[in-house]
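First the structure, in the form of structure tokens, and then the observations on it.
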There are 2 protein chains.
Amino acid sequence: MIMLAKDETTSTRERILDIAQRLIQSRGYNAFSFHHLAHEIGIKTASIHYHFPTKADLGVALLRRYRQRFGQELDGISANNGNSVRSLVRFAALFQRTLSVDSQLCMCGMLSAEIESLPKPVAIEVKRFFSETELWLTNVLTHGRREERLAFEGSPRTQARMLIAMMEGAMVVARGMRHNAYFQGMARNYLLQLKAA
Amino acid sequence: MIMLAKDETTSTRERILDIAQRLIQSRGYNAFSFHHLAHEIGIKTASIHYHFPTKADLGVALLRRYRQRFGQELDGISANNGNSVRSLVRFAALFQRTLSVDSQLCMCGMLSAEIESLPKPVAIEVKRFFSETELWLTNVLTHGRREERLAFEGSPRTQARMLIAMMEGAMVVARGMRHNAYFQGMARNYLLQLKAA
DNA sequence: GTCTATAAGATGATAGAC
DNA sequence: GTCTATCATCTTATAGAC
């Protein structure tokens, strides 16, 4: 059996998705082309079309994978402990980690900005990401308040949306100001405000 | 003297800026073209180039106007009263109003997402917008805390950034979830948290 | 200031050979 | 699965006439 270098074990399809994801999170859906993908992989654009007939197909496949992976991260956070404060810290760390790689945005934050110019099937996937994340956070916040680890105004659902908004917004602002470190300051302070006294 | 309809009193240059602004705030910098502008005004793309030689020139001019107008709005809020709570409510209303028009984003929120694919001179203007807004908010928050109208964790500067982040993020999330009304819930609740007990 | 004409390059996509 | 070849279309931009 022939041993393959790690790169070669990854299917072309996966490599396309990987590169497309990186390009979308750093430059946006409208700023990357099949040519960019093909060039980086070392194949031709026609080959990209073999794996994903249209750009919209690629976008949908990418978002399905992204939502699935993000969901797994959230499951991992939920499984390890029942401490809601710790869960929120780990939640924020997911975004922090993304921004730390070439100032990348959350893919759905980026696509939400571009949503009016996206193919409808892609837009639907973006919406699902926010709904799923809202649901997970709502549970964490509900339990945290019940256990008196967390204290906040308004409903857990509204707070969940606000926490997502703070993450997405903090990434956008830190990026726009060209100081990624600003993100931590905002995230940390926001979580501090949610902690019960 | 010939009376002109209101549209005709606006110079072509201003009309280009108006349409470009609307297109950027709804679709993004990379999703609009000189052809879109020309078509809507009823002229040819070559005429757009007469007013703005390159797309980057148009972007810079647009952002200068945007920053100037936004600064005037902030001045207006500062001038009318010394009540910091009321100032923050009016600040949030600026973003609320923008989102209510065709789900438009703050221009600099949009451009910050696209920043890695923007001409450098445009990116610089985006950065200035955030710095100026941060400064104004820092003053409001500092005075508000001193007067004990506001109470919050951390420095006024960090809170200023968080408030901008919440506005930008709330727009992005409301847009992505396709429920603009979510914005109000988030904004109102966030300001509530800043109010002194 | 606006037009026609034109250019060079990018882009998304398809047909058919290997 | 990947290639060559080709396509129509879009995009930014320039030259020069009116």
Side-chain angles (χ1 to χ4, degrees), chain A residues 2 4-5 7-24 26-63 110-111 114 116-123, chain B residues 2 4-5 7-24 26-63 110-111 114 116-123:
Chain A
I2 300 162
L4 297 172
D7 274 345
E8 288 160 3
T9 63
T10 310
S11 70
T12 299
R13 191 191 141 91
E14 288 297 308
R15 291 219 276 164
I16 293 170
L17 290 175
D18 291 344
I19 295 168
Q21 179 170 346
R22 200 195 71 232
L23 288 174
I24 289 178
S26 70
R27 301 170 49 84
Y29 183 90
N30 293 314
F32 90 95
S33 70
F34 276 42
H35 178 74
H36 291 131
L37 301 175
H39 185 257
E40 249 189 88
I41 297 176
I43 57 178
K44 299 296 171 181
T45 61
S47 305
I48 310 286
H49 281 285
Y50 166 79
H51 295 281
F52 303 99
T54 70
K55 197 177 180 182
D57 290 328
L58 170 56
V60 169
L62 190 49
L63 277 169
M110 176 69 83
L111 293 176
E114 294 180 292
E116 298 288 330
S117 66
L118 297 183
K120 208 162 243 167
V122 178
Chain B
I2 299 162
L4 297 172
D7 275 345
E8 288 158 3
T9 61
T10 310
S11 70
T12 299
R13 191 192 140 91
E14 288 296 308
R15 291 220 276 163
I16 294 169
L17 290 174
D18 291 343
I19 296 169
Q21 180 169 345
R22 202 196 68 232
L23 287 175
I24 289 177
S26 69
R27 301 170 48 84
Y29 183 89
N30 292 314
F32 89 95
S33 70
F34 277 42
H35 178 74
H36 289 132
L37 300 175
H39 180 76
E40 249 189 88
I41 296 174
I43 57 178
K44 300 295 170 182
T45 61
S47 306
I48 309 286
H49 282 285
Y50 167 78
H51 296 280
F52 303 98
T54 70
K55 197 178 179 182
D57 291 328
L58 171 55
V60 169
L62 189 49
L63 276 169
M110 176 69 84
L111 294 176
E114 293 181 293
E116 298 289 330
S117 66
L118 297 182
K120 207 161 244 168
V122 177

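So you know, we letter chains A, B, ... as the sequences are listed, proteins then strands, and number each from 1.
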Problem set entry | Closest listed nucleotide, where the reference is the side chain of B/Ser47 and the choices are C/dC3, D/dC3, D/dT12 |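 Selected nucleotide (nearest to the side chain): C/dC3.
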Exercise. When you measure from the side chain of B/Ala46, which nucleotide among C/dT4, D/dA5, D/dA13 comes out closest?
Worked result: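 Nucleotide nearest to B/Ala46's side chain: C/dT4.
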From [atom1] of [X] over to [atom2] of [N], roughly how many Å is that when rounded to an integer?
X: A/Lys44; N: D/dA5; atom1: NZ; atom2: P; value: 10 Å
X: B/Asn30; N: D/dC10; atom1: CG; atom2: P; value: 18 Å
X: B/His35; N: C/dT2; atom1: NE2; atom2: P; value: 17 Å
X: A/Leu23; N: C/dT11; atom1: CG; atom2: C1'; value: 15 Å
X: B/Tyr29; N: D/dT11; atom1: OH; atom2: C1'; value: 12 Å
X: B/Phe34; N: C/dT2; atom1: CZ; atom2: C1'; value: 15 Å
X: B/Leu37; N: D/dT11; atom1: CG; atom2: C1'; value: 12 Å
X: A/Arg27; N: C/dA10; atom1: CZ; atom2: P; value: 13 Å

Exercise. Distance from B/Leu111 atom CG to B/Leu62 atom CG, nearest 0.5 Å?
Worked result: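 Reported to 0.5 Å precision, the distance equals 8.0 Å.
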Exercise. What closest approach, in Å, do A/Pro121 and A/Val60 show between heavy atoms, and which atom pair accounts for it?
Worked result: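 Looking at all heavy atoms of both residues, the closest pair is CB-CG2, 3.7 Å.
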For this session: Answer whether the closest heavy-atom distance between the side chains of B/Ser26 and B/Phe32 falls below 4.5 Å.
Result: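 In short, these two side chains do not touch, never coming nearer than 4.5 Å.
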Can you check whether [Y]'s main-chain N or O pairs, donor with acceptor, with [X]'s side chain at less than 3.5 Å?
X: A/His36; Y: A/Ser33; value: yes
X: A/Lys55; Y: A/Tyr29; value: yes
X: A/Glu114; Y: A/Asn30; value: yes

For this session: Please determine if a side-chain N or O atom of B/Thr45 lies less than 4.0 Å away from the OP1 or OP2 oxygen of D/dA13.
Result: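 B/Thr45 to D/dA13 OP1/OP2: no side-chain N or O under 4.0 Å.
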Problem set entry | Under 4.0 angstrom between B/Thr12 side-chain N/O and C/dG1 OP1 or OP2 |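 No, no such contact exists.
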For this session: Have a look at A/His51 and tell me which of A/Asp57, A/Leu37, A/Thr12 forms a side-chain contact (heavy atoms from CB on, under 4.5 Å) with it.
Result: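 Among A/Asp57, A/Leu37, A/Thr12, the one meeting side-chain contact (heavy atoms from CB on, under 4.5 Å) with A/His51 is A/Thr12.
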Exercise. Do any of residues 48-62 of chain A sit with a heavy atom less than 4.0 Å from DNA chain D, and if so which?
Worked result: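 Contacting residues: A/Tyr50, A/His51.
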